[in-house]
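Just the heavy atoms: all of them, side chains too, but no hydrogens, waters or symmetry mates, feed the values below.
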Amino acid sequence: MKKAFYSLFIAALLLAGCSKPSPEKYLSTAFLNANLLHGFASRLVNDELSQPSVKFVEGKTDTYEKFTRIETINLKIESAENALKHINNLPVTEDSKAMLEASKELFGFVIPIYKKEYTELAKLYDSNTDTARINTLSHTIERSYGSRFLQLHEKLESAGMAYAAKHNIKVMSVQTSPSH
């Protein structure tokens, strides 16, 4: 009797672990998470680095300090890597294949650039390098990667909107202009 119960318990666990995520889960993980990349290869990231956010200093009442630019970029890297990990964990289905591939391609494109060029840019800001060097690198990032980012983003948006329509999920399209 115990053996039968144990076998049924294991079978139930395996079935629960094998359940397919909902279409909403696929859409939010593979498509909507691309919002984390807003402003990539545009003046928006440069603006964010030039005017860093502030954080609350633990243990000190009403004390805030600016994020270093490297902290800002490291948070972007961590968020993008976590998103890609979740995308990679979704099982590929016939319906989700195009969206998952487009999402993996977009995040796979962005992460190395955050790790190299944007990390370099953040270090220039944090070391108070002259504005001309900062602007040169920022413009180089925009020129080198902006159009490819937009292509990959549009590919993901197309696949994501098609997926949403097929599963009757209402999603508003976001227009991404060249200057995004």
Residues Glu71, Thr68; criterion side-chain contact (heavy atoms from CB on, under 4.5 Å); working and verdict: CA-CA 5 Å; Glu71 286 175 311; Thr68 64; 3.0 Å; yes

Derivation and outcome, side-chain contact (heavy atoms from CB on, under 4.5 Å), residues Ile111 and Lys115: CA-CA 6 Å; Ile111 291 169; Lys115 286 183 173 181; 3.8 Å; yes

Tyr26/Lys20 under side-chain contact (heavy atoms from CB on, under 4.5 Å): CA gap, chis, key distance, verdict: CA-CA 10 Å; Tyr26 274 95; Lys20 186 174 97 177; 4.0 Å; yes

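Nearest heavy atom pair, residue Lys104 against residue Val92, reads NZ-CG2, 4.4 Å. The two residues Ala102 and Leu156 make their nearest non-hydrogen contact at CB-CA, 3.7 Å. Closest approach of Met99 to Gly160, counting heavy atoms only: SD-CA, 3.8 Å. Phe107 and Asn33 get closest at one heavy-atom pair: CZ-O, 3.6 Å. Nearest heavy atoms, Leu106 versus Ala34: CD2-CB, 4.1 Å.
Tyr125 has its side chain within reach of Ile134: a pair of non-hydrogen atoms, C-beta onward, lies under 4.5 Å apart. With a 4.5 Å cut-off on side-chain heavy atoms, Arg69 and Pro52 count as touching. Pro21 has its side chain within reach of Pro91: a pair of non-hydrogen atoms, C-beta onward, lies under 4.5 Å apart. Counting only heavy atoms from C-beta outward, the side chains of Gln151 and Arg148 approach each other to under 4.5 Å. Asn88 is not listed as a side-chain neighbour of Lys85, based on a closest heavy-atom distance of 4.5 Å or more. At least one side-chain heavy atom of Phe31 sits under 4.5 Å from a side-chain heavy atom of Val171. Using a 4.5 Å heavy-atom threshold, the side chains of Ile113 and Phe149 count as separate.
Taken together through direct or relayed side-chain contacts under 4.5 Å among Ile, Leu, Val, Met, Phe, Trp and Tyr, Leu75 and Ile141 form parts of separate hydrophobic clusters. Hydrophobic clustering (ILVMFWY, side-chain heavy atoms < 4.5 Å, transitive): Ile70 and Ile77 are in distinct clusters. Leu49 and Phe67 fall into different hydrophobic clusters, defined by Ile, Leu, Val, Met, Phe, Trp and Tyr side-chain heavy atoms under 4.5 Å apart, directly or through other members. Connection of Leu152 to Leu36 is not established within any shared hydrophobic cluster, with ILVMFWY side chains joined at heavy-atom distances below 4.5 Å, either directly or through further cluster members.
One N or O on the side chain of Ser28 and one on the backbone of Glu24 form a donor-acceptor pair closer than 3.5 Å. A donor-acceptor contact shorter than 3.5 Å is absent between the side chain of Asn135 and the backbone of Ala132. Counting only distance, with no hydrogens or angles, the side chain of Ser138 and the backbone of Arg43 share no donor-acceptor pair below 3.5 Å. Judged by distance alone, the side chain of Ser147 and the main-chain N or O of Arg143 form no donor-acceptor pair under 3.5 Å.
Between Glu105 and Lys155, at least one side-chain N (NZ, or NE/NH1/NH2) sits under 4.0 Å from a carboxylate O, which counts as a salt bridge. Salt bridge absent: Glu81 and Lys76 never bring a charged side-chain N and a carboxylate O closer than 4.0 Å.
Classified by interplanar angle (parallel below 30°, tilted 30° to 60°, perpendicular above 60°), the ring pair Phe40/Phe109 is perpendicular.
A donor-acceptor contact closer than 3.5 angstrom is absent between the side chains of Asn46 and Tyr118.
Of the residues listed (Lys166, His167, Met161), the one engaging Tyr163 in a side chain to side chain contact (heavy atoms under 4.5 Å, CB included) is His167, and it is the only one.
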